[in-house]
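Values below: all heavy atoms of this structure, side chains included; hydrogens, waters and symmetry mates excluded.
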Amino acid sequence: ASDLRQKLGESIASVQQFATPLERATTPSLEALKQYSLGYSFHNRVDDDAAIAPLKRAVALDPNFATAYAVLGVALSNNGDAQQANEYLRKAYDLRDRASENEKFYIEGHYYDIVTGDEESAVDLYKRWTQTYPRQNSAWDNLSLAYQNLGDQQNALAAATEAMRVDPQDEYGYQNQMASYLYLNRYDEAKAVAEAAKSQKLDGVVIHQILYAIAAIQGDQAAVQREFSWGNGKADEMFFLQRQSFYEDSLGKIKLSRETAQHGVEVAKRYGHTGIGITTLGGQAMRDAAHGFTESARQKASSLHHQPGDSFPAAAAALTFSSIGDSAQSLKLLENLNKDYPSDSDVKYSVIPAVQAMNSLHRNNGADAIAALEAGRKCELGQNGVYGTYWVIYVRGLVYLQLRDGAKAAAEFQKIIDHPGLNAFSQFLSLSKLGLARAYTLQADNVKARAAYQDFLALWKDADPDVPVLVAAKAEYAKLK
C-alpha cells in the first residue's frame, strides 16, 4: 500500500507519517479500526500512556468493539489503573462473541489474568492459543507472563524466547525474556538481552526497570542512579519513584522512603494515574507491619481496604492486619476476598495461606500455621502480584522460629536470600538476613549468628535509628558478644 501511494504521487514524508498498519480486529467502523490500530501500535511499543486516548476514541466510535475494550483495559492495567482496567476488560469479555477466534483468545486470557486473577486458567488458555496460532507472538508473550506469575520461570523463559523467534521485533518478548533471566538470577544474560533490545531501539520502560533491579541487587549505585533517571520527565517516572521508595524502605531509610513515595504519587496524579497511590499505600502498610510500626500499619490498612480497584487493597490490608495480630479484621477481609475473588491465584496461593498462618502464629499454634502454608508451596517463588513476593516463605520462617526449629527456619530465610531476582525491592530480602541470624542463634551457632547479624546491620548502616526491628536487632546482637 505504501508503494502504491508513492506511485500515485504522495510524498515519502506523508507516507511514513501515515503508515500505521491496520491491525486485525472485528469492527464495522473503519474510523474505529484506524484509532484502534494507532492505539495498538503504541501499546505494542510498550507506550501505554500514548495508547489510551486513541483506544478510547475507538470504543466511542464503536461501542461494541470488543478487542479495543480489551487492549484499553490491558493498557490501563499496565499503568496501575486497576478499577478502570477491570471495567473495560469486563466489557470486552461480555462482547467477546462479536470477536474473531483469535481476538477471543486475547480477551478471555486477559479477563482471567487481570480481572479474576486466575493464572492457571490463563496458562491453559494461552497454551491453546499458541497451539492454534503458533505464529502469533502475543500468544507466547502472555503465556510467558502467566508462567512467571505462577513461579514456573523455566517455561516462562522458553515462551518468551519463542515469541522472539516468531517476531524478532517483539518488545514484549525482549522484556519477558529479560525478566525470566532476572527471576532465575542470571543477570549477565538479562543484561545481554537489554543490549540487544537497545540495539533494535526497543528498550522501553520495563527493560530499564529490570536493569534498575539488577543494579540494586548487585549494589551498583551508579547504575541504580542511571536507570532511575531514565524515567525523569515522563509518566514512567512514577514507577521508578515507587521502586526507589520501596528500595529505600528495604534499607531502613523509612523517612526518605516516605518522601520519595509522596513524590511518586504526585507525579502519577500529574499524568492522571490514581492507581499508583493505592499500591504505594498498600506497600507501606505491609512494610510498616514488618518493621514494627504497628499503629502506622493499622492506620494505613484501615484506610486501604475501602479503596476501589481489584483484589489488592483488601489483600494488602488483610496481610497487614494479620502481621500486627489483628486476626478479627484480617479474617473479615479474607472472607470477602474468598467471595469476590474465588479463583485468584495470588489470593489462593499467597494471601490466604500467609494470613491464616500469621493468625495461627499469634495464637502460638505453629502446627496449624505450617499446615496453612502448604497451599502456598505451589507458587511461593512466583510473582505474587503487587502484594509482594516471598510472603509464604517468610511467614514459614517466622513460624519455625516460634517452634524453635532453627535449622528449618534458616532454610526458609536462606531460600529468600538465594532468590533476590524475584523482587529486588522487597522488605523480606533484608529482614531474612535478620531471620537467619535468629535461626542460627536458636541452633547455638554464635559464629554464624554474629556474621548474619553483621550482614543485616551493614545493610542497614544508614537506616533511621528508631526503626523497631533495627532496635531489636542491635539488642540481640549485643547479647552475642
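Using a cutoff of 4.0 Å between basic side-chain nitrogens and carboxylate oxygens, Glu120 and Lys378 are scored as salt-bridged. In this structure, Glu195 pairs ionically with Lys198, as a charged nitrogen and a carboxylate oxygen lie closer than 4.0 Å. Salt bridge present: Arg165 and Glu162 bring a charged side-chain N and a carboxylate O closer than 4.0 Å. Under a 4.0 Å N-O distance rule, the pair Arg298/Glu295 qualifies as a salt bridge. Under 4.0 Å is where a charged nitrogen must lie from a carboxylate oxygen, and between Asp167 and Arg135 no such pair does.
The distance from atom CG of Leu281 to atom NZ of Lys300, rounded to the nearest 0.5 Å, is 7.0 Å. Here the straight-line distance linking atom OG of Ser77 with atom CG of Leu72 works out to 11.0 Å at 0.5 Å rounding. Here the straight-line distance linking atom OG of Ser323 with atom CG of Leu319 works out to 6.5 Å at 0.5 Å rounding. Separation of atoms CE (Met238) and NZ (Lys269) is listed at 13.5 Å; rounding is to 0.5 Å. The line from NZ of Lys253 to CD of Glu259 is 12.5 Å long, rounded to the nearest 0.5 Å. Within the model, atoms CG of Leu331 and CD of Gln356 stand 8.0 Å from one another, a figure rounded to the nearest 0.5 Å.
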Inset, instruction - Begin with the C-alpha distance, continue with both residues' side-chain angles, and end with the deciding distance and a verdict on salt bridge (charged side-chain N to carboxylate O under 4.0 Å, His left out) for Asp288 and Arg258. - result: CA-CA 11 Å; Asp288 280 355; Arg258 297 296 178 268; 2.3 Å; yes
As a quick check of understanding, evaluate side chain to side chain donor-acceptor pair (under 3.5 Å) for Gln244 and Glu248, giving each step before the final call. CA-CA 6 Å; Gln244 180 71 10; Glu248 291 161 350; 3.1 Å; yes
**Prompt:** Yes or no on side-chain contact (heavy atoms from CB on, under 4.5 Å) for Val205 and Trp230, after CA distance, side-chain angles and deciding distance?
**Reply:** CA-CA 8 Å; Val205 59; Trp230 185 88; 3.7 Å; yes
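At a cut-off of 3.5 Å, with distance as the only test, a side-chain donor of Asn359 or Ser330 sits close to an acceptor on the other residue. Side-chain contact of Thr67 with Glu103: a donor-acceptor pair under 3.5 Å is present, judged by distance alone. Side-chain atoms of Tyr187 and Asn185 form a donor-acceptor pair, as typed in the model, at a separation below 3.5 Å. A donor atom on one side chain and an acceptor atom on the other are not found under 3.5 Å apart for Glu101 and Thr132. Residues Asp62 and Tyr36 have side chains that never bring a donor and an acceptor to within less than 3.5 angstrom of each other.
In terms of heavy-atom proximity, Leu333 sits nearest to Ala317 at CD1-CB, 3.7 Å. Contact detail for Ser311 and Leu337: the closest heavy-atom pair is O-CD2, 3.8 Å.
At distances below 3.5 Å, not a single donor-acceptor pair connects side-chain atoms of Tyr88 with backbone N or O atoms of Leu76. Distance alone, capped at 3.5 Å, is enough to place a donor-acceptor pair between the Ser430 side chain and the Ser250 backbone. Checked by atom type and distance alone, the side chain of Gln148 pairs as donor or acceptor with a backbone atom of Asn176 at under 3.5 Å.
The ring-ring contact (aromatic ring centres under 6.0 Å, His included) pairs that include a residue from residues 248-281 number zero, where partners must be two or more places apart or lie in different chains.
Within a 6.0 Å sphere centred on CD of Gln200, other residues, nucleotides and ligands contribute more than 12 heavy atoms. Heavy-atom contacts from other residues, nucleotides or ligands closer than 6.0 Å to NZ of Lys234 number more than 12. Open room surrounds NZ on Lys255; 12 or fewer heavy atoms of other groups in view lie less than 6.0 Å from it. Atom NZ of Lys127 sits in a sparse spot, with 12 or fewer heavy atoms from other residues, nucleotides or ligands closer than 6.0 Å. For Arg186, the CZ atom is densely surrounded, since the number of other residues' heavy atoms within 6.0 Å is greater than 12.
Geometric assessment of Arg243 against the ring of Phe240 yields a negative cation-pi assignment under the 6.0 Å and 45° thresholds. The cationic atom of Arg128 (NZ for Lys, CZ for Arg) does not lie both less than 6.0 Å from the six-membered ring centre of Phe105 and within 45° of the ring axis.
When ring centroids are compared, Tyr172 and His43 come within the 6.0 Å threshold. Here Tyr93 and Tyr111 bring their ring centres to under 6.0 angstrom of each other.
Between Tyr247 and Tyr212, the two ring planes are perpendicular [angle over 60°; tilted spans 30° to 60°].
Side-chain contact between Arg98 and Thr26 is absent, with no heavy-atom pair separated by less than 4.5 Å.
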